[in-house]
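So you know, we letter chains A, B, ... as the sequences are listed, proteins then strands, and number each from 1.
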Amino acid sequence: MGFLPVEEQMAVIRRGVVEIVPEAELVAKLERSRATGKPLRIKLGCDPTRPDLHLGHSVILRKLRQFQDLGHHAILIIGDFTGMIGDPTGQNKTRPALTIEDVRRNGETYFEQAARILDPAKTEIVHNSAWLGTMTFIDVIRLASKTTVARMIERDDFTKRFQANEPISLHEFLYPLAQGQDSVHLRSDVELGGTDQKFNLLMGRALQKEDGQEPQVALLMPLLEGTDGVQKMSKSYDNYIGIDEAPNDMYGKTLRITDAQTAGWFELLTDVPTADLAAVRARCAADPRNAKHDLAWTLVRMYHGTEAADAARAHFERTVIQKEVPTDLETTEVPLPEDGRLVALMAANGLAPSLSEARRLVQQGGVTVNDLKITDPAFVPEVAVGDALVIKAGKRKFVRLRFVG
RNA sequence: GGGGGGAUACCAAAGCGGCCAACUGGGGCAGACUGUAAAUCUGUUGUCUUCGACUUCGCAGGUUCGAAUCCUGCUCCCCCCA
């Protein structure tokens with residue numbers, strides 16, 4: 001089980017990477033690993049407070065997978081302990097304190113989803129509560145003595161908050177230390193992280209040196225921009241595409257990204273061969289429309305298969321471009337309602353959160369019933385048992401109701 | 001320990017006795033347009049039995065014909081000084 005030549009490994013590793021600190025150390029580690037036949041230990045920590053993975057997470061998980069494919073050893077840390085501290089994100093929202101069970105369960109969900117990207121059989125899963133949870137107060141004080149306040153507030157996020165007179169809780173200083181301690185404990189060779197993690201990863205290096213270990217290399221991946229093209233992909237900005245997302249949604253949401261994002265998404269999110277990336281980039285510039293459709297198709301194919309990808313493309317053509325009711329619409333059987341108003345049917349069948357909202361939709365011309373536009377909010381469709389009704393609300397919400405006795 | 005400031009709808013932020021379901025911006029939704037679920041423009045954005053009614057402005061009381069706006073207590077948050 002020989003390793004590829006170092007330069008070939010580096011070509012894979014470099015794809016999409018923002019920074020490798022320091023790159024020379026990584027090359028040296030790879031060379032030694034190849035010479036001794038010993039795989040490198042690649043560490044990735046994850047935050048189990050939000051278990052739903054989206055394409056933003058996939059960037060870094062894919063990178064870990066690439067290391068696996070090169071024959072290295074992947075360690076996925078479920079941050080069940082650090083999750084209870086909460087990484088200072090600058091958002092600084094008080095996070096709900098999760099119970100151990102919550103965190104455990106989230107961790108499992110996380111891994112189930114991550115397994116769609118990683119090679120689960122070759123992934124070592126660890127929980128950092130195993131070693132962080134057993135530290136005593138004196139251990140923590142010793143750990144804290146290894147860095148300084150000045151060093152801490154160098155961290156970009158802390159600097160900003162400090163200057164803006166925003167609160168910084170003392171425990172937030174412990175987060176980078178805890179994460180660094182993970183590296184010490186696992187004796188990691190490489191840690192993967194987003195660019196926002198740079199400080200934390202470097203802290204790992206510092207603590208490893210303190211411990212007399214060879215420090216890990218920090219490999220930083222870009223933060224993927226969300227579908228709004230502005231902010232990083234995040235559930236809280238609602239600009240994300242989930243890994244579990246249904247094919248049609250995944251396809252449609254992908255088309256919503258800006259043209260400028262397309263090429264980057266190919267590089268970071270898809271399995272398009274690295275050698276082809278230059279051609280892909282050229283195509284994204286020359287023919288953004290079709291390039292983006294291909295991107296959407298590719299992503300759906302990766303997560304749902306070729307058939308689903310074809311179907312999603314067809315669905316998009318029909319419903320969005322030609323504004324037709326989808327042919328694969330499922331029929332929901334409902335009893336003949338007492339309140340037969342259109343707005344009531346909409347609210348009862350998930351087309352609108354409330355009657356008022358349904359009314360607004362109707363008044364704004366966003367609703368059709370059996371392809372007929374309805375603008376009267378008091379409209380009552382005449383239906384009898386056995387009749388079917390297709391209600392369309394907005395561009396992409398449809399429902400077909402069949403009335404039963 | 002002392003002093004000051006604040007809590008308003010999804011978020012931010014006005015309002016400071018009636019004209020407030022509550023300015024404005026962001027976000028969301030809809031319509032037009034478009035290669036697109038982008039951009040742009042327009043409308044809309046508490047609930048309901050919608051030309052009207054009802055419940056909202058940290059929580060609980062009180063003053064008043066009438067309060068998000070005044071008073072009292074409580075809870076939480078932030079800043080400054082020590």
Original post:
Using a cut-off of 4.0 Å on non-hydrogen atoms, how would the nucleic acid contact of A:Gly365 be classed: base, sugar-phosphate, or nothing?
Top reply: sugar-phosphate
**OP:** Using the P atom on both, measure B:rC81 against B:rG28 and round to a whole Å.
**Re:** 41 Å
Original post:
Looking for any heavy atom pair under 4.0 Å, which part of the strands does A:Asn248 touch: base, sugar-phosphate only, or nothing?
Top reply: base
Subject >> First encountered from the 5' end of RNA chain B, between A:Ser356 and A:Gly366 >> reply: A:Gly366
Original post:
Is the number of heavy atoms from other residues, nucleotides or ligands within 6.0 Å of CD (A:Glu19) greater than 12?
Top reply: yes
Original post:
Under 3.5 Å, is there a donor-acceptor pair between the side chain of A:Thr332 and the main chain of A:Leu401?
Top reply: no
Original post:
Taking the C1' atom of each, how far is B:rG5 from B:rA9, in whole Å?
Top reply: 23 Å
Original post:
Are the side chain of A:Gln68 and the backbone N or O of A:Asp119 linked by a donor-acceptor pair below 3.5 Å?
Top reply: yes
**OP:** Tell me what A:Asn290 touches on the nucleic acid: a base, only sugar-phosphate, or nothing, going by heavy atoms under 4.0 Å.
**Re:** nothing
Subject >> Atom P, compared across B:rG66 and B:rU56: separation rounded to whole Å >> reply: 16 Å
**OP:** For A:Arg289, report the nucleic acid contact type (base, sugar-phosphate, nothing); a contact means any heavy atom under 4.0 Å.
**Re:** base
**OP:** Taking only the side-chain heavy atoms of A:Leu361 (C-beta and beyond), determine which of B:rC29, B:rA38, B:rU44 contains the nearest atom.
**Re:** B:rC29
**OP:** Could you tell me whether A:Arg396 contacts a base, only the sugar-phosphate backbone, or nothing, with contacts defined as non-hydrogen atoms closer than 4.0 Å?
**Re:** base
Original post:
Taking the side chain of A:Ser354 as heavy atoms from C-beta outward, which of B:rG31, B:rA37, B:rC48 is closest to it?
Top reply: B:rC48
**OP:** Anything under 30° is parallel, anything over 60° is perpendicular, the rest tilted; go ahead and classify A:Tyr240 against A:His54.
**Re:** tilted
Original post:
Atom CG of A:Leu220 and atom CG of A:Leu192: how far apart are they, to the nearest 0.5 Å?
Top reply: 9.5 Å
Subject >> Separation of the C1' atoms in B:rA38 and B:rG46, to the nearest angstrom >> reply: 31 Å
Original post:
How would you label the contact of A:Leu255 with the nucleic acid (heavy atoms, under 4.0 Å): base, sugar-phosphate, or nothing?
Top reply: base
Subject >> 5'-to-3' dot-bracket of RNA chain B (Watson-Crick, G-U; under 3.5 angstrom; crossing pairs as [ ]; | other strand) >> reply: ((((((((.[[[..)..(.....]]]((((((.......))))))(((...)))...[[[[[..)....]]]]]))))))).
Original post:
On a whole-Å scale, what distance lies between the C1' atoms belonging to B:rC57 and B:rC70?
Top reply: 16 Å
Original post:
Of A:Lys292 and A:Arg341, whose nearest nucleotide on RNA chain B comes first from the 5' end?
Top reply: A:Lys292
Subject >> Distance, rounded to the nearest Å, where A:Leu299 contributes CG and B:rU36 contributes P >> reply: 20 Å
Original post:
So does A:Lys395 get a side-chain nitrogen or oxygen closer than 4.0 Å to the phosphate oxygens (OP1/OP2) of B:rG31?
Top reply: yes
Original post:
Does a donor on one side chain sit under 3.5 Å from an acceptor on the other, for A:Arg15 and A:Thr274?
Top reply: yes
Original post:
Got a donor-acceptor pair under 3.5 Å from the side chain of A:Gln364 to the base of B:rG31?
Top reply: no
Original post:
With rounding to whole Å, what would you report as the distance between B:rU40 and B:rU34 at their C1' atoms?
Top reply: 10 Å
Subject >> Whole-Å distance separating the CG atom of A:Asn239 from the P atom of B:rC11 >> reply: 18 Å
**OP:** Measure from the side-chain N and O atoms of A:Ser188 to the backbone N and O of A:Val184, and report whether any donor-acceptor pair falls under 3.5 Å.
**Re:** no
